[in-house]
Amino acid sequence: MDVIIVNDNIEGCKLGAKIIADIVRRKNNAVLGLATGKTPIPLYDELVRLHNNESLDFSNVTSFNLDEYYKVPFTNEGSYHYFMNHHLFSKINIKKENTHVPNGMVDDVERECIEYEESIKKHGGIDIQLLGIGRDGHIGFNEPSCSLASRTRLEALMEDTREANISDFGKLELVPYYAITMGVGTIMEAKEIVLLAFGESKQDAVKGLVEGAISSMCPASILQMHPNVKIIIDNVAAKKLTKVDFYKAKFKITRL
Ligand code: PGA
């Protein structure tokens with residue numbers, strides 16, 4: 001696990017975008033695992049800038065998103081279909097048919113989840129998975145106490161997660177109670193993972209992720225078992241970490 005401490009979210013998102021862009025340039029048919037939430041928005045802005053100004057080509061790229069709310073129409077501005085189209089897909093040259101976001105509108109959720117997993121496999125697996133982290137340590141919508149071997153499925157959202165996402169829906173009563181999410185086991189199969197976390201509200205989650213014991217009560221802590229993970233955090237999110245000097249020294253010899 002490489003812990004990379006930056007000054008602010010813009011610097012962190014630019015770095016995250018560079019890591020993703022390098023893979024897109026290196027591997028013609030890269031498969032990207034994408035995330036939603038407030039955290040990665042500047043990263044998507046930077047990918048759009050690289051597309052417009054530096055010819056970053058997404059025409060052969062495939063994407064799989066982590067999650068989607070259950071029974072929220074794609075036209076709803078809180079849905080992750082809407083989010084991805086708005087922030088990224090409509091602004092780059094990725095082919096619509098190559099983008100995948102779980103379909104929370106289906107009646108047969110079990111089949112949707114199985115097919116999502118099969119589709120990831122059919123494309124050769126995810127080359128790089130982008131992650132945020134919830135205040136409770138969730139990744140995707142894998143909430144504390146979930147199986148660390150879980151696969152794509154319907155999951156209930158914790159109250160704290162629903163509260164954190166109020167701004168997407170206007171008021172708490174409108175925030176969905178359920179979502180389809182890639183499982184922790186699914187995420188762990190990505191060849192490379194980049195997790196972004198910025199600000200005070202993520203301090204406890206970052207502490208659990210980087211220096212806590214591996215536990216389903218902090219699902220992100222399982223990333224300690226992944227061979228190729230970069231955790232990009234700002235100075236504020238890093239406040240509760242005890243080995244900051246070591247992470248900084250290590251970063252000097254990290255090849256990006
Ligand atoms: P945020 O969400 O980026 O809006 O903080 C992160 C997450 O819940 O994974």
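Atoms within a ligand are numbered from 1 in the order they appear, just like the ligands themselves. These numbers were taken from a predicted model, which means no experiment stands behind them.
Every residue two or more places apart in sequence or in another chain that forms a ring-ring contact (aromatic ring centres under 6.0 Å, His included) with Phe169 is listed here: Tyr69. For Tyr116, the ring-ring contact (aromatic ring centres under 6.0 Å, His included) criterion is met by Phe64, not counting sequence neighbours. Residues meeting the side-chain hydrogen bond (donor to acceptor under 3.5 Å, both in side chains) test with His81, sequence neighbours left out: Glu68.
Salt bridge status for Glu189 with Arg151: present, with a side-chain N to carboxylate O gap under 4.0 Å.
Taking the six-membered ring for Trp and thresholds of 30 and 60 degrees, Phe83 and Tyr80 have ring planes more than 60 degrees apart, a perpendicular arrangement.
Tyr247 and Phe198 fall into different hydrophobic clusters, where Ile, Leu, Val, Met, Phe, Trp and Tyr residues are linked whenever their side-chain heavy atoms come under 4.5 Å apart, directly or through other members.
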For ligand 1, run through the N/O pairs with the protein that fall under 3.5 Å and put one pair on each line.
residue  : atom  : partner : partner atom : Å
ligand 1 : 3 (O) : Lys38   : N            : 3.2
ligand 1 : 3 (O) : Thr39   : N            : 2.9
ligand 1 : 3 (O) : Thr39   : OG1          : 2.5
ligand 1 : 4 (O) : Lys38   : N            : 2.9
ligand 1 : 5 (O) : Lys202  : NZ           : 2.7
ligand 1 : 8 (O) : His138  : NE2          : 2.7

